[in-house]
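Data first, discussion second: the structure below is written as structure tokens.
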Amino acid sequence: MLTINVAVLLAVIIFFRLRRRTQARSRFEERTTVVIVLALGVLLAPTPVGQGIVDVLGQLASGVTQASR
């Protein structure tokens with residue numbers, strides 16, 4: 001039996017939706033893409049990968065803040 005990870009499926013959908021030209025998108029399509037991206041974020045947040053992304057972004061923000069002082 002084939003199992004599909006929902007996060008991977010959403011990532012593939014996002015990739016193909018963002019490949020389209022910006023001028024060809026309607027507001028509805030843009031909102032749908034935002035909802036899909038938010039759903040992917042909710043799925044990734046509690047995983048080790050999501051925690052790693054949060055740690056990297058936190059270190060990056062900390063470095064930018066220290067550099068501006």
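The basis for the numbers below is simple: all heavy atoms, side chains too, and nothing from hydrogens, waters or symmetry mates.
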Would you list the atom pairs, donor with acceptor, under 3.5 Å between side chains in residues 31-42 and any protein atom, with sequence neighbours excluded?
| residue | atom | partner | partner atom | Å |
| --- | --- | --- | --- | --- |
| Thr32 | OG1 | Phe28 | O | 2.8 |
| Thr33 | OG1 | Arg17 | NE | 2.8 |
| Thr33 | OG1 | Arg17 | NH2 | 3.4 |
| Thr33 | OG1 | Glu29 | O | 2.9 |

Show me the donor-acceptor pairs, under 3.5 Å and distance only, between side chains in residues 46-63 and residues at least two apart or in other chains.
| residue | atom | partner | partner atom | Å |
| --- | --- | --- | --- | --- |
| Thr47 | OG1 | Leu44 | O | 2.6 |
| Thr47 | OG1 | Gly50 | N | 3.2 |
| Gln51 | NE2 | Ala45 | O | 2.8 |

Whichever hydrophobic residues join Val64 through chains of side-chain contacts under 4.5 Å:
none
